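Heads up: the structure comes next, in structure tokens.
Below, read A as the first sequence line, B as the second, and so on, with proteins coming before strands; counting in each chain starts at 1. Since this is a predicted model, take the numbers as computed values, not measurements.
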Amino acid sequence: MYSQGLRDSKAGEDSQELLDAFQVRIDNEEKIEPRDWMPQAYRKTLIRQISQHAHSEIVGQLPEANWVTRAPTLKRKLILLAKIQDEAGHGLYLYSAAETLGESFQKMYQDLLTGKAKYSSIFNYPTLNWADAGAVGWLVDGAAIMNQVALCRTSYGPYSRAMVRVCKEESFHQRQGYDIMIKMAQGTPKQKAMAQDALNRTWWPSLMMFGPSDKDSTHSDQSMKWKIKRFSNDDLRQKFIDATVPQAEYLGLTIPDKNLKYNDKTGHYDFSEIIWDELFDVIKGNGPCNQQRMDARNKAHNDGAWVREAAAAYAEKQNNRKEVA
Amino acid sequence: MQDYVQNLADNTLILGQRLAEWCGLGPFLEEDLALTNTCLDIIGQAKMLLEFAAELKEGNETADDLAFMRDQHEFKNVILVEQPNGDYSQTMLRQYFMDVYHVHLYQALSTSTNQKLAGIAAKSLKEVVYHLERSELWIKRMALGTDESFQRVQASLDKLWHYHHELFEETESLTELVKQGIAADPNVLKQLWLKDVNALLASTPLEIPQKGWKATGGRKGHHSEYLGLMLCEMQFLQRAYPNSEW
Ligand SMILES: [Fe+2]
Ligand SMILES: [Fe+2]
Ligand SMILES: [Fe+2]
């Protein structure tokens with residue numbers, strides 16, 4: 001199936017002529033499709049980015065699932081279940097999009113389970129009170145939307161189409177999260193304290209979701225040229241902050257940054273320098289929940305092995321019966 | 001009448017709560033999605049039934065009060081649904097037993113003389129027919145798949161078989177509701193259930209355990225130890241922070 005997509009030359013051998021022609025297509029805003037010629041590095045970058053995105057959706061189920069059995073009302077339980085289910089669905093579309101580049105699901109998933117592949121560092125933080133279910137929807141899905149809306153116009157066709165589908169569902173995720181925050185922030189003093197606590201813990205990690213600062217981002221330049229990325233990390237982060245500060249004000253909650261201030265000259269909010277060491281440390285695997293998340297994914301996978309084997313064995317027996325008949 | 005609806009409501013609520021424990025942890029991605037879908041349907045049914053049960057109580061209680069503020073002895077579900085998830089065969093066998101039951105129950109209730117109950121049943125029937133397709137296929141896959149899967153599902157059958165009796169218990173008040181055409185006849189349900197389950201099991205090497213106790217008590221509020229613990233988790237926020245809006 002995928003062999004047609006693999007017509008590009010081996011790594012390092014991409015001829016200048018082909019590269020130039022490819023760049024012309026990109027500059028003309030043509031979408032690149034699985035069967036088209038593409039530079040090795042373009043393919044590799046996309047496989048890395050799309051599979052990381054897929055892994056993030058799958059690992060991202062865990063912190064919210066932590067509250068599903070304790071959701072405080074039937075309505076909240078239903079909404080949260082539906083939201084987490086959407087994320088699993090996003091994982092599926094994204095793995096399929098990555099498969100069109102010639103990478104197998106098995107390989108990608110194995111890389112996640114062994115810790116070789118990365119996923120968004122935000123999911124390595126714990127969800128400690130019910131308002132975290134709100135803060136995740138509001139801030140984490142909110143940040144994801146900023147990224148994903150930008151990716152709807154990414155140059156690789158299957159990725160761009162997956163993002164269009166994903167974005168339709170994401171605004172519901174953010175709304176349900178903000179709705180939880182409204183109820184908590186306008187609730188009893190104890191509820192409000194939970195909301196503030198959740199915001200305090202989620203704010204900085206959600207800003208880190210946009211990745212390193214542009215001056216330190218290793219993958220940015222070429223990705224921009226190939227229109228895989230269309231906005232820089234810092235631009236998207238600023239856009240997110242500008243959109244989110246008024247929402248926090250409406251809630252009557254305080255964003256944990258004493259330097260956060262609207263700048264009349266730039267028309268944007270100024271904010272403190274992010275503690276980048278923390279981001280790099282969590283990416284390296286030293287976040288509060290890295291081990292726990294990986295253990296959970298591995299346990300689910302290992303516990304499910306006999307179930308998958310049973311399904312495969314049964315399907316094969318059914319096939320054999322059909323062939324005999 | 002309230003008692004009857006409360007039993008149906010609690011069966012779905014507690015089963016749904018158990019399924020919610022699987023959310024994000026299914027044996028593979030597509031199955032995780034499908035099981036969460038079943039869970040969503042069943043908790044959706046629980047919500048409708050609890051709203052009706054609250055209405056029948058004629059007090060100030062809401063569906064959420066019934067779910068989150070009753071203690072375990074006030075729950076009327078059968079003990080089967082509160083049994084732990086165990087491995088996937090135990091979850092799926094419990095599901096299969098309940099799916100067969102719900103299909104026949106909702107089929108019967110869709111012509112109930114109580115309009116409200118008939119409406120809920122008709123809406124839920126479509127969902128459970130699909131759930132049954134899935135759980136039945138899983139029992140076949142496990143029973144006919146590998147040696148390990150057969151052994152696991154047989155062990156689950158040995159464990160869970162004894163719980164089905166409770167689904168078909170008769171009480172005086174139930175007999176009265178059946179007479180009025182409101183409730184489904186438990187004897188008829190039992191025959192339909194046994195016919196379907198026996199037919200499926202006969203197509204596999206699975207064997208029904210010959211002896212053992214018969215679960216009872218759930219409908220009177222006499223539960224297994226599992227329910228109290230489950231409620232601790234489910235009701236935590238409403239209990240710890242009463243009189244709050246969520
Ligand atoms: Fe998502
Ligand atoms: Fe996402
Ligand atoms: Fe989302």
**OP:** Say whether, by atom type as modelled, one donor and one acceptor occur between the side chain of B/K47 and the main chain of A/K75 under 3.5 angstrom.
**Re:** no

Original post:
Are there more than 12 heavy atoms of other residues, nucleotides or ligands under 6.0 Å from atom CG of A/N319?
Top reply: yes

Original post:
Any side-chain heavy atom of B/C23 within less than 4.5 Å of one from A/L81?
Top reply: yes

**OP:** Please flag which part of B/W138 lies under 4.5 Å from any non-hydrogen atom of chain A: side chain, backbone, both or neither.
**Re:** side chain

Original post:
Quick one: ring-ring contact (aromatic ring centres under 6.0 Å, His included) pairs with a partner in residues 170-199 of chain A, sequence neighbours left out?
Top reply: A/H90-A/H173, A/W138-A/Y178

**OP:** Enter the distance from A/T73:OG1 to B/L237:CG here, rounded to the nearest 0.5 Å.
**Re:** 10.0 Å

Subject >> Other residues, nucleotides, ligands: >12 heavy atoms within 6.0 Å of B/K159 NZ >> reply: no

Original post:
Under a 4.5 Å heavy-atom cutoff, which of A/A296, A/A315, A/A311 has the most pairs with chain B?
Top reply: A/A311

Subject >> Atom CZ of A/R165 with >12 non-hydrogen neighbours under 6.0 angstrom >> reply: no

Subject >> Rounded distance (nearest 0.5 Å) linking atom CE of A/M194 with atom OH of B/Y241 >> reply: 4.0 Å

Original post:
Under 3.5 Å, is there a donor-acceptor pair between the side chain of A/Q85 and the main chain of B/T36?
Top reply: no

Subject >> Interface moiety of B/A20 toward chain A, non-hydrogen atoms closer than 4.5 Å >> reply: both

**OP:** Flag the pair B/W246 / A/K183 as yes when at least one side-chain heavy-atom distance between them is below 4.5 Å, and no otherwise.
**Re:** no

**OP:** Please report the shortest heavy-atom distance between A/G304 and B/P27, naming the atom on each side.
**Re:** CA-CB, 3.6 Å

Subject >> Interface moiety of B/S89 toward chain A, non-hydrogen atoms closer than 4.5 Å >> reply: both

Subject >> Shortest non-hydrogen contact from A/K77 toward B/I43 >> reply: CD-CD1, 3.6 Å

Subject >> Selection from A/K317, A/Q191, A/K190 maximising heavy-atom pairs under 4.5 Å formed with chain B >> reply: A/Q191

Subject >> chain A interface, residue from B/T146, B/L25, B/L50, B/L40 that has the most non-hydrogen pairs under 4.5 Å >> reply: B/L40

Subject >> Among the listed options B/Q17, B/E245, B/R141, B/Q238, the residue most often paired with chain A at heavy-atom distances under 4.5 Å >> reply: B/R141

Subject >> side-chain contact (heavy atoms from CB on, under 4.5 Å) between B/L29 and A/Y95, worked out >> reply: CA-CA 11 Å; B/L29 199 47; A/Y95 283 125; 4.1 Å; yes

**OP:** Tell me, out of A/A310, A/A312, A/A313, who's got the most heavy-atom pairs with chain B below 4.5 Å.
**Re:** A/A310

**OP:** Search all heavy atoms of B/F68 against all heavy atoms of A/A71 and return the closest pair with its distance.
**Re:** CE2-O, 3.5 Å

**OP:** Report the option among A/L92, A/D303, A/L80 that has the most heavy-atom pairs separated by less than 4.5 Å from atoms of chain B.
**Re:** A/L92

Original post:
Is the number of heavy atoms from other residues, nucleotides or ligands within 6.0 Å of CZ (A/F105) greater than 12?
Top reply: yes

Original post:
Do A/Q318 and B/L144 pass the side-chain contact (heavy atoms from CB on, under 4.5 Å) test, and can you show the C-alpha distance, the side-chain angles, and the key distance before you say yes or no?
Top reply: CA-CA 10 Å; A/Q318 293 298 104; B/L144 300 166; 5.5 Å; no

Subject >> Heavy-atom pair with the smallest gap, counting every atom of A/R70 and B/E233 >> reply: CG-O, 3.2 Å

Subject >> Engaged part of B/N37 at the chain A interface, taking heavy atoms whose separation is under 4.5 Å >> reply: both

Original post:
Measuring from B/R18:CZ to A/T69:OG1, what's the distance to the nearest 0.5 Å?
Top reply: 10.0 Å

**OP:** Among the options B/R152, B/M230, B/M142, pick out the one with the most heavy-atom pairs lying under 4.5 Å from chain A.
**Re:** B/R152

**OP:** Report, as yes or no, whether the 6.0 Å neighbourhood of atom CD on B/E30 holds more than 12 heavy atoms from other residues, nucleotides or ligands.
**Re:** yes

**OP:** Measure the shortest side-chain to side-chain distance between B/E21 and A/V68 over non-hydrogen atoms and say whether it is less than 4.5 angstrom.
**Re:** no

**OP:** Indicate yes or no for a side-chain donor-acceptor contact from B/D64 to the backbone of A/L74 under 3.5 Å, with no hydrogens or angles considered.
**Re:** yes

Original post:
Going through the distances and angles, do A/V307 and B/S149 end up as a side-chain contact (heavy atoms from CB on, under 4.5 Å)?
Top reply: CA-CA 7 Å; A/V307 182; B/S149 66; over 6 Å; no

**OP:** Sort out for me which of B/Y88, B/F150, B/F236 touches chain A most, counting heavy-atom pairs under 4.5 Å.
**Re:** B/Y88

